Amino acid sequence: MASLGRAFRLPLPLCKTVMHRSFPLHRAVFKADLSAPHRFRLFHSLDHGFDASQHHEQESLAILGIETSCDDTAAAVVTGDGKILSQVVSSQADLLARYGGVAPKMAEEAHKQVIDEVIQQALGGANLTERDLSAIAVTIGPGLSLCLRVGVQKARQIAGKFSLPIVGVHHMEAHALIARLCEPELQFPFLTLLISGHNLLILACSLGQYIQLGTTVDDAIGEAFDKAARWLGLDLRRGGGPALEQLAEEGDPHSFDFSVPMKQHQDCNFSYAGLKTQVRLAIESSNIKADVPVHLTNAEDRRLRANIAASFQRVAVLHLEQRCERAIGWASNIEPSIKCMVVSGGVASNRYVRSRLDDIVKQNGHRLICPPPSLCTDNGVMVAWAGIEHFRMGRFNPPPPTNEPEDAILDIRPRWPLGEEYENGRSTARSMKRVRMHPSLTSIINSSIRLES
């Protein structure tokens with residue numbers, strides 16, 4: 001696989017710009033009808049006076065992807081033959097360090113401050129203007145509603161002004177599909193573990209057709225890493241996960257006997273709330289002061305913090321290993337032809353996580369596929385690529401009206417499942433929140449197919 005080009009990060013309101021890279025393309029695309037909740041529509045060339053045929057040639061296809069689901073403002077341009085022309089990310093790391101996590105209102109304001117510059121840098125890096133684009137792809141969920149709205153409004157403004165079709169993208173599906181950009185030979189079906197602010201085990205049967213084998217019952221591994229890093233007094237500006245991983249390399253992973261979560265539940269769901277409590281109690285009983293940064297402590301205190309970090313990381317990943325091993329068995333029964341497991345999401349950048357999961361996957365006769373770290377964290381490339389995959393299937397929204405009011409009601413889906421729940425995968429632990437949850441992407445696409453047939 002070709003190596004990534006150089007990347008550099010600048011503080012808000014400046015941005016990080018990443019490389020040019022080539023990959024061959026596969027197939028596919030979908031488009032969410034942002035004006036009609038819970039439904040996808042297939043728009044043909046004559047519908048609404050929009051000529052879609054001019055946008056379907058692979059060589060000339062160029063899609064701008066916009067991502068604002070949480071705390072990073074990202075945009076990228078990807079072409080139909082799989083070239084990443086540009087990638088720009090504006091990080092809110094300073095805000096995360098200041099508030100100890102994502103503050104939705106502050107995150108929304110930060111998105112608004114930089115989104116125009118991020119998009120213009122992405123277009124400039126690609127040597128394109130809006131008139132050269134074939135479509136706009138934008139994350140519509142899941143995520144923080146205030147943050148999602150910023151990206152969707154901007155995408156619709158550009159699409160309306162330049163008469164471009166628009167693709168609504170599922171954030172978690174984008175994380176899964178990016179592996180098909182990195183690995184041209186990856187075909188459906190395959191198993192996917194998504195590990196970031198949400199944990200998800202998915203059997204990807206085909207584009208838009210997913211079976212949910214396991215999900216997050218309470219707290220996800222990414223949130224647990226961030227909280228543990230904060231309690232240990234680590235520098236969060238690079239992210240809690242990377243900081244904790246670095247400290248854990250100095251520690252003894254067996255020094256604290258933390259319990260593996262949910263061992264009594266024979267399913268593939270995830271829970272990190274209890275492990276977080278164990279870590280917090282261990283820190284308190286060790287008299288570690290979170291307000292004293294680790295670099296200002298003495299050798300004994302640092303060693304103690306490193307031991308807690310290493311022990312936490314070992315057990316947190318062991319929980320992943322156990323769930324993945326069970327999921328491989330379930331997935332093999334459903335789709336015996338699967339050969340690969342994709343691991344993506346921000347925590348997939350962790351080297352220890354990759355190493356341990358690689359061992360589990362190989363022991364079961366499969367191959368582990370992990371995108372490069374810059375494509376595991378939230379980024380515009382994955383959104384643009386998901387847009388390309390679905391756009392080439394012919395499902396999309398026509399250009400929005402040019403005079404759409406800023407207070408227009410938008411179809412934003414903060415709680416949006418990706419796949420249909422596997423019967424054996426239903427959680428027997430405490431019930432998960434299902435308030436105001438949208439129908440899954442898979443069920444929406446299936447309903448659309450039935451309506452079109």
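Just so we're clear, the structure is a prediction, and the values are computed from it rather than from any experiment.
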Exercise: identify the closest heavy-atom pair between Ile334 and Tyr422 = CD1-CE1, 3.6 Å
In sequence, state the C-alpha distance, the side-chain angles, and the governing distance for Gln278 and Ser259, and then conclude on side chain to side chain contact (heavy atoms under 4.5 Å, CB included).
-> CA-CA 8 Å; Gln278 293 180 67; Ser259 299; 3.8 Å; yes
Answer yes or no: are there more than 12 heavy-atom neighbours, outside Glu423 itself, under 6.0 Å from its atom CD?
-> no
Closest heavy-atom pair and its distance - Gly240, Ala229 | O-CB, 3.5 Å
Heavy-atom check, side chain of Ile66 versus side chain of Val383, under 4.5 Å = no
So, Thr277 side chain and Ala273 main chain: donor-acceptor pair closer than 3.5 Å or not?
-> yes
Closest heavy-atom contact between Glu420 and Thr442?
-> CG-CG2, 4.1 Å
Go through the steps for Trp330 and Asn424 under the test side chain to side chain contact (heavy atoms under 4.5 Å, CB included), then give the verdict.
-> CA-CA 9 Å; Trp330 286 3; Asn424 292 346; 4.1 Å; yes
Can you tell me if Thr192 uses its side chain to pair, donor with acceptor, with the backbone of Val343 under 3.5 Å?
-> no
Side chain to side chain contact (heavy atoms under 4.5 Å, CB included) assessment of Leu207 paired with Ile445 = CA-CA 10 Å; Leu207 185 72; Ile445 289 181; over 6 Å; no
Distance-only, no hydrogens or angles: does the Gln266 side chain make a donor-acceptor pair with backbone N or O of Lys263 under 3.5 Å?
-> yes
Which value, rounded to the nearest 0.5 Å, describes the distance between Ile63 atom CD1 and Ile166 atom CD1?
-> 11.0 Å
Under a 4.5 Å cut-off applied to non-hydrogen side-chain atoms, are Val138 and Val169 in contact?
-> no
Answer yes when Asp358 and Lys362 have at least one side-chain N-carboxylate O distance shorter than 4.0 Å, and no when they do not.
-> yes
Indicate yes or no: at least one non-hydrogen side-chain atom of Ile211 is less than 4.5 angstrom from one of Cys205.
-> yes
Strictly by modelled atom types, are Thr216 and Asn199 linked by a side-chain donor-acceptor pair under 3.5 Å?
-> no
Can you find a heavy atom in the side chain of Asp411 that is under 4.5 Å from one in the side chain of Arg413?
-> yes
Heavy-atom distance under 4.5 Å between the side chains of Ile115 and Val150, does that happen here?
-> yes
Proximity of Phe312 and Phe225 rings by center, below 6.0 Å | yes
At their closest point, which heavy atom of Ser90 faces which heavy atom of Val114, and how far apart are they?
-> OG-CG2, 3.7 Å
According to the interplanar angle, ranging from 0 to 90°, do the rings of Phe190 and Phe188 count as parallel (below 30°), tilted (30 to 60°) or perpendicular (above 60°)?
-> parallel
Give the intermediate values and the outcome of side-chain hydrogen bond (donor to acceptor under 3.5 Å, both in side chains) for residues Thr68 and His111.
-> CA-CA 7 Å; Thr68 63; His111 284 306; 5.2 Å; no
Would you call Glu130 and Lys161 a salt bridge, taking side-chain N to carboxylate O under 4.0 Å as the test?
-> no
State, with a plain yes or no, whether a side-chain heavy atom of Ile195 is found less than 4.5 Å away from one of Leu200.
-> no
Between the side chain of Arg180 and the main-chain N/O of Gln187, is any donor-acceptor distance below 3.5 Å?
-> no
Expected output: side-chain Ser332 to main-chain Ile328 donor-acceptor under 3.5 Å | yes
When rounded to the nearest 0.5 Å, the distance separating CD1 of Ile369 from CD1 of Ile178 is 12.5 Å
Are Asp267 and Arg326 ion-paired here, with the side-chain N under 4.0 Å from a carboxylate O?
-> no
Looking only at side chains, do His198 and Glu223 share a donor and an acceptor under 3.5 Å apart?
-> no
For the pair Asn364 (side chain) and Val361 (backbone), establish whether a donor and an acceptor sit closer than 3.5 Å, ignoring hydrogens and angles.
-> no
Looking at Arg367 and Glu183, does any basic side-chain N land under 4.0 Å from a carboxylate oxygen?
-> yes
Does a side chain donor of either Glu109 or Gln113 reach within less than 3.5 Å of an acceptor in the other side chain?
-> no
Are Thr377 and Ser349 side-chain neighbours, meaning at least one heavy-atom pair lies under 4.5 Å?
-> yes
Should the pair Glu108-Arg149 be classified as a salt bridge under the 4.0 Å nitrogen-to-oxygen rule?
-> no
From Leu201 CG over to Arg323 CZ, what is the distance, rounded to the nearest 0.5 angstrom?
-> 9.5 Å
Please determine, by modelled atom types, if Glu173 and Tyr210 share a side-chain donor-acceptor pair under 3.5 angstrom.
-> yes
Minimal non-hydrogen separation, Leu375 against Val381, with atom names = CD2-CB, 3.8 Å
Taking Glu321 for its side chain and Arg356 for its backbone only, find out whether a donor-acceptor pair lies under 3.5 Å.
-> no
Can you list the steps and then say if Leu144 with Leu148 is a side chain to side chain contact (heavy atoms under 4.5 Å, CB included)?
-> CA-CA 6 Å; Leu144 300 174; Leu148 289 166; 5.9 Å; no
To the nearest 0.5 Å, what is the distance between OG (Ser163) and CD1 (Ile158)?
-> 14.0 Å
Is the closest side-chain donor-acceptor distance between Ser69 and Glu67 under 3.5 Å?
-> yes
Is Asp219 salt-bridged to Lys227, going by a charged N under 4.0 Å from an acidic O?
-> no
Roughly how far apart are Ile360 CD1 and Glu325 CD, rounded to 0.5 Å?
-> 4.5 Å
Is a side-chain donor or acceptor of Thr139 paired with a backbone partner of His171 at a separation under 3.5 angstrom?
-> no
Decide yes or no on side-chain hydrogen bond (donor to acceptor under 3.5 Å, both in side chains) for Ser443 and Asn446, but give the supporting numbers first.
-> CA-CA 5 Å; Ser443 66; Asn446 286 341; over 6 Å; no
Salt bridge or not for Lys83 and Asp81, using N-O below 4.0 Å?
-> yes
Distance (rounded to the nearest 0.5 Å) between Asn269 CG and Gln212 CD | 7.5 Å
Search all heavy atoms of Ser196 against all heavy atoms of Gly346 and return the closest pair with its distance.
-> CB-N, 3.7 Å
Would you kindly say whether Gln313 and Asn350 are connected by a side-chain donor-acceptor distance under 3.5 Å?
-> yes
Is Ser145 reaching over with its side chain to a backbone N or O of Pro414, donor-acceptor style, under 3.5 angstrom?
-> no
Mind checking whether His170 and Trp416 have parallel, tilted or perpendicular rings, split at 30° and 60°?
-> tilted
